[in-house]
Trainee: 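Before I ask anything, here is the structure I am working with.
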Amino acid sequence: MSRTKGLVEIDHFGLDYIAEGRATEAVADVSIAVRPGEFVSIVGPSGCGKSTLLNAVAGFRAPSRGRVRVDGETVRGPGADRGMVFQQYSLFPWKTVRQNVEFGLKMKGIGSAQRERMSRTLLALAGLIGFEDQYPDRLSGGMKQRVGIVRALATGPKVLLLDEPFGALDAQTRLIMQQILTNIWQRLRISVLFVTHDIDEAIFLSDRVYVMTARPGRVKAEFRIDLPRPRDPDSILSAKFLALRRELAGLIREESLVAMGGELAGGLGGLDVMLEEGSLADLL
Amino acid sequence: MDLPVPADQPQLSATAPAQPARRRDAQPRIHPRMRDGLRAWLLGGLTIAIFLGLWQAASATHLDFFLRFDNIPAPSKVALRALTVVGSAAFLNDVLTSCERVFLGFGIAASLAVPTGLLIGRYRVAHELLFPLTELLRPVPAIAWVPISIMIWPTDWQSIVFITFLGAYFPILLNTLLGTQRVDPVLVLAARSLGASEGAIFREVYLPGALPAIFTGLAVGMGVGWVSVIAAEMISGQSGVGYFTWEAYSLIQYPDIILGMVAIGLLGLVSSSAIRGFGRLVMPWLSAQ
Ligand SMILES: Nc1ncnc2c1ncn2[C@@H]1O[C@H](COP(=O)(O)OP(=O)(O)OP(=O)(O)O)[C@@H](O)[C@H]1O
Ligand SMILES: [Mg+2]
C-alpha cells in the first residue's frame, strides 16, 4: 500500500440534524484539507460540530451540503481505510486487547497467524506488550485509548481520525499519550485529523490547526505550526509556542463566549457589543 | 466493631456475580476467609435447624391452632420415607420425565427466543411486526394455557412440553430484546468503521453485547419453565415430579408430598446454577473483573 495517500478534502461541508421535525444547523460551511501524511487538528468551543465533522469523514453521516472526499473518492459510508478513535471509550468489552486490535484484520479475512504478527507489532509500538490477554475493564483510561488507537491503525488506514481521544485523561497521562501518538504517526506516516479542546495539545501535535466558530460551525482561522520536529515536552515553553497559544486561546475564548451567549439566550445584549469590540475576550 | 460479611449468598442474576468482600483482620490463627465461611455455615445451619425443629415439634404434637399440622408428616418421617422412595425406579422415572420436559421446552424456547429477541432489538421492522403480538400473549401465564394446550396437542407429553416452552419463552425473549437494545451504539460504529459487515456486527457486537441479559433471561426462563412443568403435570400429567407430588396427596401418601417438593426445589436449583456456570464459561470478561 502506498504511503503517499491519505488526502482528505472537506469541501463546503454543512450538516443539519433533524430532531422532532426541526432541523438544527450543526455545521454551516467548513472547508478543510489534510494532505497526505499531515497532522491536522481542529479546535473549537463545545457543540460547534467537531464530532459531527469527524463522523462525516468516518462515513457515519452523510453531509447535508458540500462533500467529503478521501483520495479523490467521495465518502459514502464507514470503511477500514479511515480509522476512527472515539471521544468515549469504545473497546469491545468482551474481547481481549489482542482480539480488539485484531478485529479489523479479522473482518478483512486475514488468518489468525498473520493477525497475531501484525497486532504484536502495533501493540509494541504503543507499549502494550504484556496486556494482550487482558479485558478492557482491567485497563486504565490511557491504556484503553492506546488500544483504541492501535485497533484503528491495524487495518492500515490512510487516515486516522481522533475525536478528543485524551479528553478523559489526567494531565500527565495526556502528555505521555501525545508523545506515543506522535511516535506512531511519525513511524506510519499517515494523515491524521485530530479534534481537541486543548490548545496546547493541538499545537504540540499538529502541522496545522483549524479553529472553528461556535455553532453552526465554520472555519474561523487556520494556523500553520512550524515548530521543529521532533518536539519534546519542553518545547511548549518556547516563545514561538507561547505566542501561538496566546493567539489561538484568544480566538477560542471569543467563540466560547458566543456559544455561551447563545445558550443563555438573550438578556445579555451587552455581551455582543463588547465582543464586537474584542475587549471582553482579552479581559477574561 | 466490624460487621459480619455475608458469604456466598445465592446469586440471582448471571450478570453480577457478587464477590464476597474480604475482611482484613489482625487475628492470624485462622484464615479470615475460612473463619467467615465457617461462621456463615454455623449461623445458616442454626436457622435451618430451628425451622426443622419447630416443624418436627408441630407435627409430633399434632398442633391444631389455626394451622393444622395433624396431617403434615414430620421431617423425620419424610427422611425415613426418602430412604425407600428416592432410589426407586418409579420416582427416578418421574424425575427424568420432568427433566426431559423442561429441557425440551426450555431448549426450544431458548433457540427461538434468543434469535427473535436479537432481531426485534436490532431491526425496527421486526419490532413493529412481532412486538405487539408478543405483548398481547405475554401477560397470559403459561398455566392458563393448559386447557387449550390439551385440546391442541395430540398427547399429554406434547402439551406439557408446550406449556413449559411458553413459560420459558417470554422471559428469554424480553431479556434478549432489552440486552440488544442496550448495546452501546458507539461499539456498533466502531465495528462498522473497522469494516464489519451487517452479519459480523450481529455476531461480534450485538450477540456478545446482549449475552449478559440473555443469560439473565435464561435463568429466569428456566425457573418459570420448572414452575410451568410442575403445574402442568399436576393438572394434566400421568407422570413427572408434579404428578408424583399431586398423586401423593390424592393417595394420602403425605411424606411423598414433601419429597416431591424437595425434589422440585433441588432440580430448579441445579438447573439454574448450571445456567450460571455456563454463563461464566461463555462470558469470561465478566468474571475477569
Ligand atoms: N444526533 C444529534 N441530533 C441532534 N443534534 C445533535 C446530534 N448530535 C449533535 N447534535 C448537535 O449538533 C451540535 C454539534 O455537535 P457535535 O457533537 O458535533 O459538537 P462538538 O463540537 O463535538 O462538541 P463537544 O466539544 O462537546 O464534543 C451540537 O449543538 C449538538 O447539540
Ligand atoms: Mg464532540
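In what follows, chains carry the letters A, B, and so on, assigned in the order in which the sequence lines appear, proteins first and then strands, with residues in each chain numbered from 1. As the structure is a prediction and not an experimental result, all values here were calculated from the model.
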Trainee: Answer yes or no: does atom CD of A:E73 have more than 12 heavy-atom neighbours from other residues, nucleotides or ligands under 6.0 Å?
Mentor: no
Trainee: Between B:V186 and A:S90, which heavy-atom pair has the shortest distance, and what is it?
Mentor: CG1-CB, 3.9 Å
Trainee: Step by step, would you call B:L189 with A:M84 a side chain to side chain contact (heavy atoms under 4.5 Å, CB included)?
Mentor: CA-CA 9 Å; B:L189 292 185; A:M84 176 84 173; over 6 Å; no
Trainee: Just verifying a value: how many Å separate A:F92 CZ and B:D184 CG, rounded to the nearest 0.5 Å?
Mentor: 10.5 Å
Trainee: Using a cut-off of under 4.5 Å on heavy-atom pairs, state which of A:K108, A:R82, A:Q88 scores highest against chain B.
Mentor: A:Q88
Trainee: At what distance, to the nearest 0.5 angstrom, does CE of A:M107 lie from OG of B:S193?
Mentor: 12.0 Å
Trainee: Evaluate the side-chain proximity of A:P136 to B:W285: yes if any heavy-atom separation is below 4.5 Å, no if none is.
Mentor: no
Trainee: For A:Y17, look at atom OH and say whether over 12 heavy atoms of other residues, nucleotides or ligands are found less than 6.0 Å away.
Mentor: yes
Trainee: Do B:L187 and A:W94 have side chains that get closer than 4.5 Å, going by heavy atoms?
Mentor: yes
Trainee: Relative to chain B, which segment of A:L161 carries a heavy atom at a distance below 4.5 Å: side chain, backbone, both, or neither?
Mentor: neither
Trainee: Quick check: are there more than 12 heavy atoms from other residues, nucleotides or ligands sitting under 6.0 Å from CZ of A:F131?
Mentor: no
